[in-house]
Amino acid sequence: MTQFKGSHILSVNQFDLDSIHTIFSVAERMTPYALREKRTRVLDGAILGNLFFEPSTRTRVSFGCAFNLLGGRVAETVGMAASSLSKGESLYDTARVLSTYSDVIAMRHPDAYSVREFAEGSRVPVINGGDGPNEHPTQALLDLFTIQKELGHAGRGIDGMHIAMVGDLKFGRTVHSLSRMLCLYKNVSFTLISPKELAMPDYVIADIENAGHKVTITDQLEGNLDQADILYLTRIQEERFPSQEEANKYRGKFRLNRSIYTQHCKSNTVIMHPLPRDSRAQANELDNDLNSHPNLAIFRQADNGLLIRMALFALTLGVDEQLEQYECPVNWYSRKADF
Ligand code: NCD
């Protein structure tokens, strides 16, 4: 991908290392605006259509706030029942109409490839905020950005790193997208830890192996974490199971807490999770007793989502060179964040 302006962002397969570098360098330039040290009104007058047909907190709100922080306004549609899709309208027709009302659209939908189908009817750039179990490209970008920053602090890099992915690797779209993005790098070791029934799909494993990476597949947490630089935990994607009973079989199978971490991980293993973590007692996949641990990167990871989504809006709308020109001061009290 060399051209961002006017382009859809639908899959991680669009990116090469140069385009990732471009996104990350624009994301870094967003830090003072996200920190409210100063403002930019570069998107004053622009409208984001934020269409979320599946539950979301971080992705939906960070898309909206990213657009607001660049000076634009957000028109939101939440839930299938509130839209004419529930009256049988096609994604194509919905896109044709809504894309006249806005300048860019972010969309999440429960069906794989639905966002691509929608984009075919859209006159404006469409950004995939998650299409069923398939992909979540903006999450993969913010995950990779986080990995680069977290390992970079310790003088380590992505080439040659070891990542352990844990949980529902079958339905978890974040691990599908992140794994494929890591295929652009060299000599990455993957340890894929899941119940056998929830293993990483073969087509993703084939991509990882074709990139020359090493893959270990197991259903045991203990004994398989000691090499990991990054420990990436995921939630059982209960909404993709035929029934709650089926999902319950896997809930709580893998749990990380401070004692397991101390016993089984290196002292500098970075803990990541796309969130939400399932904190109900039956699951408790990532215990609160790690909340103050310096290697717990989950909230820094979510914070980085704001920078990445601001960068994607600036690039797809072609204003990345004009941020500074439209700057103005912040007049209110503002708190510090951890970027
Ligand atoms: C993830 C998603 O929706 O795929 N959440 C997110 O966007 N940060 C992961 C999940 O829901 O488990």
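As the structure lists them, so they are numbered: ligands from 1, and atoms in each ligand from 1. In what follows, residues are counted from 1 in the order of the sequence shown.
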Report task. Return the orientation label for the Tyr250 and Phe241 ring planes: parallel under 30°, perpendicular over 60°, tilted otherwise. Result ->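 Rings of Tyr250 and Phe241: tilted, as their planes differ by 30° to 60°.
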Query raised in the report: Using 30° and 60° as the class limits, which term best fits the ring planes of Tyr261 and His293: parallel, tilted or perpendicular?
Result: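 It falls in the perpendicular class, over 60°.
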Query raised in the report: Should Lys266 and Asp229 count as an ion pair when the cut-off is N to O under 4.0 Å?
Result: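 Here Lys266 pairs with Asp229 in a salt bridge, since their nearest N and O are under 4.0 Å apart.
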Query raised in the report: Does Arg173 pair with Glu54 as a salt bridge, N-O distance under 4.0 Å?
Result: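 Salt bridge present between Arg173 and Glu54.
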Query raised in the report: Gln237 to ligand 1: N or O pair under 3.5 Å?
Result: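 Yes, Gln237 has an N/O under 3.5 Å of an N/O on ligand 1.
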Report task. Please write down residue, atom name and distance for the protein heavy atom closest to atom 3 (O) of ligand 1. Result ->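 Here the closest protein heavy atom is Arg173 NH2, 2.9 Å.
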Requested in this report: Among all protein heavy atoms, pick the one closest to atom 11 (O) of ligand 1 and tell me residue, atom and distance.
Outcome: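 Going atom by atom, the protein heavy atom closest to atom 11 (O) of ligand 1 ends up being Arg235 NH2, 2.9 Å.
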Requested in this report: Using a 4.0 Å heavy-atom cut-off, say whether Glu54 meets ligand 1 through its side chain, its backbone, both or neither.
Outcome: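 None of Glu54 does.
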Identify, by atom number and element, the atoms of ligand 1 in contact range of [X], meaning under 4.0 Å from any of its heavy atoms.
{"X": "His136", "result": "2 (C), 4 (O), 6 (C), 7 (O)"}
{"X": "Pro276", "result": "10 (C), 11 (O)"}
{"X": "Leu275", "result": "1 (C), 5 (N), 6 (C), 8 (N), 9 (C)"}

Query raised in the report: Which atom pair, heavy atoms only, marks the closest approach of Glu89 to Thr94?
Result: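 Nearest heavy atoms, Glu89 then Thr94: OE1-OG1, 3.4 Å.
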